[in-house]
Amino acid sequence: MIKLKTEEDLVLIRENAILVSKTLAEVGRHIVPGITTKELDLIAEKYIRSFGAEPGFLGYGGFPYTLCMSVNEVVVHGFPSDYKLKEGDIVSVDCGTVYKGFNGDSAYTFPVGNVSKETQALLDATKASLYKGIEKAVAGGRIGDIGYAVQSYVEPLGFSVVREMVGHGIGRNLHESPEVPNYGRHGRGVKLQEGMVICIEPMINAGVKDVYLDDNGWGVITQDHKNSAHFELMVAVKHGTPEVLSTFEFIENNK
Ligand code: MG
Ligand code: MG
């Protein structure tokens with residue numbers, strides 16, 4: 001069942017969206033070669049709690065950390081660890097918040113120092129595909145329009161779309177209906193209506209689309225061990241123009 005949000009709900013969801021956006025920027029400020037992903041996780045947890053909010057992922061389904069830290073060939077759901085980030089790595093930082101009874105959830109893939117041209121192209125394409133998807137989050141359209149927009153943008157560039165993991169509705173629960181795949185067909189799927197709040201989160205691979213599950217039961221890894229990128233924003237479906245609730249501006253205006 002899809003829970004449509006009221007304007008009062010949206011006020012609280014926006015607060016989470018901004019908090020999660022600022023947390024990603026706070027983490028980003030500390031991403032340098034040599035820092036461990038576990039150190040970054042603690043920075044995020046402290047930051048979120050300093051606002052009286054809670055980390056949304058910690059304990060969710062048994063997930064043991066504040067952040068999903070997915071380095072290079074890890075697509076999503078990587079565990080923070082003692083791994084020291086190094087020049088040329090990319091790291092998807094996925095963060096959730098719970099504040100005033102609602103959830104926030106967004107992700108950004110950061111380059112560590114200088115990355116190869118090929119890797120930068122993957123990051124650029126994945127982020128651009130997210131905005132292509134967002135454009136389609138309008139009332140009257142269909143969920144398939146979003147996935148089609150993402151897929152038809154990245155595939156001609158030689159990249160592939162992960163099928164196993166998808167975006168989702170968000171509200172009082174982190175994961176609500178509907179599912180928001182990053183592939184699909186125009187005009188297919190659930191009808192989009194005002195009041196829906198969704199997370200659009202393309203997971204795009206440099207090589208094959210296939211993935212497997214890490215031995216820890218969480219990490220999702222590319223079958224060919226080539227890089228994967230992941231960007232996620234929260235969007236309220238509206239008539240005409242969608243409202244993008246979370247933002248990368250705190251990250252990108254910081255540089
Ligand atoms: Mg999500
Ligand atoms: Mg997320």
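Both counts, for ligands and for their atoms, begin at 1 and track the order of listing. In this text, all values refer to a predicted model and were calculated from it rather than measured experimentally.
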Visitor: So that I know where these two stand, are Phe51 and Tyr99 an aromatic pair - ring centroids less than 6.0 Å apart?
Guide: no
Visitor: Under 3.5 Å, is there a donor-acceptor pair between the His230 and Glu201 side chains?
Guide: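 On atom types as modelled, these side chains qualify, holding a pair under 3.5 Å.
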Visitor: Please name the atom of Asp105, restricted to N, O or S, that is closest to the Mg ion (ligand 2).
Guide: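 Nearest N/O/S atom of Asp105: OD1.
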Visitor: Round to 10° and report the angle made at the Mg ion (ligand 1) by NE2 of His168 and OE2 of Glu201.
Guide: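 The two atoms form an angle at the metal of about 90°.
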Visitor: How about Asn182 and Tyr148: does a side-chain donor come under 3.5 Å of a side-chain acceptor?
Guide: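 Side-chain D/A pair, Asn182 to Tyr148: absent.
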Visitor: Please name the atom of Asp94, limited to N, O or S, that comes nearest to the Mg ion (ligand 2).
Guide: OD1
Visitor: Salt bridge check: are Glu249 and Lys22 linked by an N-O gap of less than 4.0 Å?
Guide: no
Visitor: Output the atom name for the N/O/S atom of Glu232 with the smallest distance to the Mg ion (ligand 2).
Guide: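 The closest N, O or S atom of Glu232 to the Mg ion (ligand 2) is OE1.
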